[in-house]
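For clarity, every value in this text was computed on a predicted model and none was experimentally measured. Values reported hereafter were calculated over all heavy atoms of this structure, with side chains retained and with hydrogens, waters and symmetry mates removed.
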Protein chains: 2
Amino acid sequence: MKHTISVLVENKFGVLARISGLFSGRGFNIDSLAVGETQDPAVSRMTIVVEGDDLVLEQVVKQLNKLIDVIKVIDMKGKERIERELVLIKVSANAKTRSEIMQMVDIFRAKIVDVAHESLTIEITGDESKIHGFFDLMKGFGIKEVARTGKVALLRE
Amino acid sequence: MKHTISVLVENKFGVLARISGLFSGRGFNIDSLAVGETQDPAVSRMTIVVEGDDLVLEQVVKQLNKLIDVIKVIDMKGKERIERELVLIKVSANAKTRSEIMQMVDIFRAKIVDVAHESLTIEITGDESKIHGFFDLMKGFGIKEVARTGKVALLRE
């Protein structure tokens, strides 16, 4: 099962390596990871998506809680939350295909952020299923490059 | 100086911990990190923002290139690129302040993604200076929670 784990950590040197080491040491592959500062520059939030055994993950969460630089750990699985990801996609485009791609960009409320002779670069945000759907459509045109942020999430109030 | 490093890696177990360990081992604090799959599910792209000595960073990049699971490393500093980040911000809001916040959300082309009795959750994407500007405005209302993806970047063609 996939889990989305949100970890608030002290924004210190080496914390990231320690935490990602904890997951890989237990055999979890990290599907995606997004790390950035919070409203307090001394605190960072890591959002980690992992797939693996629920019981082992429970142990990893316990171990995370014991780390001195970890402030709070939330396993968001099953909780009401808002999830978003941003993806930059560079797609092959020529005079013939450009307008068709632009139509799809409109439908998905994505944005064209760069135009070159033989490509368009598109920014899209959304949850997993929306991004997956858009990817599937773009494959037909030829995806040249992709940069995904990985998922971030906040609990609903 | 801040550097944005893009690393294409084999999507394997432990790679993330090894790479973040390489940076922290050389004394670099990672400002932000975003990891996600590319168009090829066997390959992930890590976008790392670090601040530190240029010469030491050059050595780190050389070491990265030697790692067996690393496919390509690009230091984007000084190169023409498209950079984006997504941020979820939960802001205190009440009947009095809600419409003022909504105006700012419009001006910044952000989106309200959740409404509760005493808060609004906003999604905003952009480059560093846009997000910084929006943060500054939201501070006046009271920022309750923040989840940032960290920056992703693609080179312009």
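B:Ile143 and B:Ile107 fall within the same hydrophobic cluster, defined by Ile, Leu, Val, Met, Phe, Trp and Tyr side-chain heavy atoms under 4.5 Å apart, directly or through other members. In the hydrophobic clustering of this structure, A:Ile124 groups with A:Leu120; members are Ile, Leu, Val, Met, Phe, Trp, Tyr whose side-chain heavy atoms approach within less than 4.5 Å, directly or through other members. Note on A:Ile74: it does not cluster hydrophobically with A:Ile5, by side-chain heavy-atom contacts below 4.5 Å among ILVMFWY residues. B:Ile131 and B:Val152 are not part of a single hydrophobic cluster, where members link through side-chain heavy atoms under 4.5 Å apart. A:Phe141 and A:Phe135 fall within the same hydrophobic cluster, where Ile, Leu, Val, Met, Phe, Trp and Tyr residues are linked whenever their side-chain heavy atoms come under 4.5 Å apart, directly or through other members.
Both the backbone and the side chain of B:Asn11 come within less than 4.5 Å of a heavy atom of chain A. For a residue to count as touching a neighbouring chain, one of its non-hydrogen atoms must lie under 4.5 Å from one of that chain's; by this rule B:Ala116 touches chain A with the side chain only. Contact annotation for B:Lys111: only side-chain heavy atoms (C-beta onward) come within less than 4.5 Å of a heavy atom of chain A. Of the atoms belonging to B:Phe23, not a single heavy atom falls under 4.5 Å from chain A. In this structure, the portion of B:Thr121 lying under 4.5 Å from any heavy atom of chain A is its side chain and not its backbone. Both the backbone and the side chain of B:Glu157 have a heavy atom closer than 4.5 Å to some heavy atom of chain A.
When each of B:Arg156, B:Arg84, B:Arg81 is paired with A:Asp114, the salt bridge (charged side-chain N to carboxylate O under 4.0 Å, His left out) condition holds for B:Arg156 and for no other.
Heavy-atom pairs under 4.5 Å with chain A were tallied for B:Ser32, B:Ala153, B:Ser24; the largest tally goes to B:Ser24. Considering only heavy-atom pairs separated by less than 4.5 Å from chain A, the leading option among B:Lys144, B:Lys151, B:Arg148 is B:Arg148. Taking B:Gly150, B:Ala147, B:Gly25 one by one and counting their heavy-atom pairs under 4.5 Å with chain A, the maximum is reached by B:Ala147. Contact count versus chain A (heavy atoms, under 4.5 Å) is highest, among B:Leu8, B:Val15, B:Ile82, B:Thr38, for B:Ile82. Considering only heavy-atom pairs separated by less than 4.5 Å from chain A, the leading option among B:Gly36, B:Ser44, B:Ala34 is B:Ala34.
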What verdict does the side chain to side chain contact (heavy atoms under 4.5 Å, CB included) test give for A:Leu33 and B:Leu16, after you've listed the backbone C-alpha separation in whole Å, the side-chain angles of each residue and the deciding distance to 0.1 Å? CA-CA 9 Å; A:Leu33 172 67; B:Leu16 186 57; 3.5 Å; yes
Take A:Glu145 and B:Arg45 through the test side chain to side chain contact (heavy atoms under 4.5 Å, CB included) and record every step on the way to the result. CA-CA 10 Å; A:Glu145 275 190 291; B:Arg45 181 190 293 269; 3.3 Å; yes
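Surrounding CE of B:Met102 are at most 12 heavy atoms belonging to other residues, nucleotides or ligands under 6.0 Å away. Annotation for B:Lys72: atom NZ does not count as buried by contact number, only 12 or fewer foreign heavy atoms lying within 6.0 Å. Heavy atoms from other residues, nucleotides or ligands lying under 6.0 Å from CD of B:Glu128 number 12 at most. The number of heavy atoms from other shown groups lying within 6.0 Å of CD (B:Glu118) does not exceed 12.
In this structure, the separation between CD on A:Glu83 and CG on B:Leu88 is 10.0 Å, given to the nearest 0.5 Å. Annotation: the span from A:Lys90 atom NZ to B:Leu154 atom CG amounts to 5.5 Å, rounded to 0.5 Å. Rounded to the nearest 0.5 angstrom, A:Asp31 CG and B:Glu37 CD are separated by 6.5 Å. If you take OG1 on B:Thr125 and CD on A:Glu123, they are separated by 4.0 Å, rounding to the nearest 0.5 Å.
Residues A:Ala17 and B:Ser20 share a closest heavy-atom pair of CA-OG, 3.6 Å.
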